[in-house]
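Read through the structure below, which is laid out as structure tokens, and then see the notes.
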Amino acid sequence: MTRANSQTPPKHFLTLLDLNPGAATGLITRATELKQRRQRGEHYRPLIGYTLAMVFEKSSTRTRVSFEAGMAQLGGTALFLSPKDTQLGRGEPIEDSARVLSRMVDVVMIRTFEHETLTRFADYSQVPVINGLTDRFHPCQLLADMQTYTEHRGPIQGRRVVFIGDGNNMCHSYINAARLFDFELHIACPPGFEPEPEILAAAADHCTLLDDPAAAVEDADLVVTDVWASMGQESEEDQRKALFADFSVTSALMARARSNALFMHCLPAHRGEEVSADVIDGPQSVVWDEAENRLHAQKALLEWLLLDQRSGSEPAH
Ligand code: CP
Ligand code: NVA
């Protein structure tokens, strides 16, 4: 593979495992600092003159708005690129797109289907590439989730987390997070919808796979779920509704977790399917803080990728 030039390869954020535990914890701390500074009305614009290109091959509300607003708050600019309006949608090779875009902008975020599309783009990019969701992983969401847990309950290390539902991109990201943040993860999936075996095997000392949500949720400090049919699986929706019916997070299920357990969902949610309305709109739910923290966590991520080789420290400028 030949890069357009022979500079040091850029840092990327393709999965959580691109961070070491120190960098991950540093990012969470930094995200909370940036949140507090914004709440105090401080302006912090270290990215004046920087441009983020955002390639969206799937829909988004939170990811688009949090990156776009985050870049504006940091003093930079974000470009929204959809396959409908760019040559990506007309079959321009991903490698060529990577070489061209990365000569013009400072960082690229991609939301796409196959994870390999993202890694191929990163291989040919001169600038940092961020995973804004693929079929396999959604690491930006986990930064926000870890920040949210920490803000409400302190460090997540040693806690018990349960993921209930599809062994999908969110489940895979929780598996990586269990390794990185050193918590215990119970996963409850209907048969046939388990996470990928190799992702699970790499985190075997942190994860337990079960098929009974009631057993999985016992003594949990954090209960997490996600949609039963992800983007790209719309044709399977009806079939999945039947197969996942016993995997709904209801108040009866929450009652088996610890009394101070939190509930999270990356959103968008389907009330009455993967979660009941009384849970997502109830006192244990922190989904709105979780959504807001996408903004702060990704600002910390952009700062880390673009300005700072040292995790979690204030860049010198
Ligand atoms: N949670 C999340 O990534 O939301 P969007 O699909 O709206 O970006
Ligand atoms: N698993 C979901 C997450 C959405 C943010 C999906 O991929 O559609």
Side-chain angles (χ1 to χ4, degrees), residues 13-16 31 52-71 78 80-83 108-118 130-149 163-177 187-190 193-196 199 222-241 243-244 247-249 263-271 273-275 280 285-299 301-302:
F13 185 62
L14 307 183
T15 76
L16 283 177
L52 164 70
M54 307 185 297
V55 178
F56 280 98
E57 297 194 324
K58 292 177 175 175
S59 303
S60 170
T61 298
R62 280 144 288 268
T63 304
R64 177 179 177 178
V65 175
S66 54
F67 270 112
E68 200 161 325
M71 273 307 275
F80 173 77
L81 303 172
S82 104
V108 180
M109 186 240 80
I110 305 182
R111 169 168 286 197
T112 188
F113 291 85
E114 288 180 17
H115 190 73
E116 201 218 348
T117 305
L118 175 81
I130 297 170
N131 181 354
L133 181 147
T134 64
D135 288 345
R136 290 184 90 196
F137 297 106
H138 193 10
C140 288
Q141 184 67 51
L142 264 288
L143 295 181
D145 288 19
M146 296 298 100
Q147 180 189 349
T148 307
Y149 188 87
F163 183 94
I164 297 179
D166 189 18
N168 63 12
N169 44 12
M170 280 299 299
C171 181
H172 291 157
S173 299
Y174 262 92
I175 294 171
N176 284 347
I187 303 164
C189 304
F193 295 91
E194 294 88 358
E196 290 180 27
I199 296 173
L222 170 62
V223 180
V224 185
T225 191
D226 186 17
V227 291
W228 291 340
S230 286
M231 289 182 277
Q233 297 172 332
E234 288 77 6
S235 64
E236 298 172 31
E237 257 176 37
D238 288 344
Q239 184 199 5
R240 282 172 176 255
K241 268 184 208 168
L243 294 168
F244 281 75
F247 289 76
S248 184
V249 179
F263 171 77
M264 290 193 202
H265 187 312
C266 65
L267 306 177
H270 300 78
R271 288 169 176 76
E273 293 181 24
E274 75 272 10
V275 60
I280 195 168
S285 172
V286 289
V287 296
W288 313 123
D289 291 340
E290 183 188 2
E292 177 191 333
N293 282 340
R294 294 292 303 277
L295 172 70
H296 311 296
Q298 288 158 200
K299 285 168 71 178
L301 176 68
L302 288 164

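Each ligand, and each atom within it, is numbered from 1 in the order the structure gives.
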Does K58 have a heavy atom less than 4.0 Å from any atom of ligand 1? no
M231 to D135 - nearest heavy-atom pair and separation: O-OD1, 4.4 Å
Considering both backbone and side-chain atoms of C266, is one of its nitrogen or oxygen atoms within less than 3.5 Å of a nitrogen or oxygen in ligand 1? yes
If every non-hydrogen atom of T134 is compared with every non-hydrogen atom of N169, which pair is closest and at what distance? O-ND2, 3.1 Å
Hey, does R64 come in under 3.5 Å of ligand 1, counting only N/O atoms on both sides? no
What is the nearest protein non-hydrogen atom to atom 4 (C) of ligand 2, stated with its residue, atom name and distance? L133 CD1, 3.9 Å
Do you know the tightest heavy-atom contact between S173 and L16? O-CD1, 3.5 Å
Write out the residue and atom name of the closest protein heavy atom to atom 3 (O) of ligand 1, then the distance separating them to 0.1 Å. H138 NE2, 2.8 Å
To check your reading of the model: name the closest protein heavy atom to atom 6 (O) of ligand 1, its residue, and the distance in Å. R111 NH1, 2.8 Å
Which segment of L267 sits under 4.0 Å of ligand 1 when only heavy atoms are counted: backbone
Nearest protein heavy atom to atom 8 (O) of ligand 2, by residue and atom, and its distance? M231 N, 2.8 Å
Would you mind checking if E57 and R111 are paired as a salt bridge, meaning a charged N to carboxylate O distance below 4.0 Å? no
Give the numbers and elements of all ligand 1 atoms closer than 4.0 Å to a heavy atom of T61. 5 (P), 7 (O), 8 (O)
Would L267 count as a contact of ligand 2 if the rule is a heavy atom under 4.0 Å away? yes
Protein heavy atom at shortest distance from atom 3 (C) of ligand 2: D226 OD2, 3.7 Å
With respect to F13, which candidate in L301, N131, L302 satisfies the side-chain contact (heavy atoms from CB on, under 4.5 Å) definition? L301
Nearest protein heavy atom with distance in Å, relative to atom 7 (O) of ligand 2: N169 ND2, 2.8 Å
Looking at every non-hydrogen atom in both residues, tell me the closest pair between I164 and F247 and how far apart they are. CG2-O, 3.4 Å
Counting each atom of ligand 2 from 1 as listed, which ones have a heavy atom of N168 under 4.0 Å away? 1 (N)
Nearest non-hydrogen protein atom, atom 4 (O) of ligand 1: R62 NE, 2.8 Å
Identify, for atom 2 (C) of ligand 1, the protein heavy atom at the shortest distance, and state residue, atom and that distance. R294 NH1, 3.4 Å
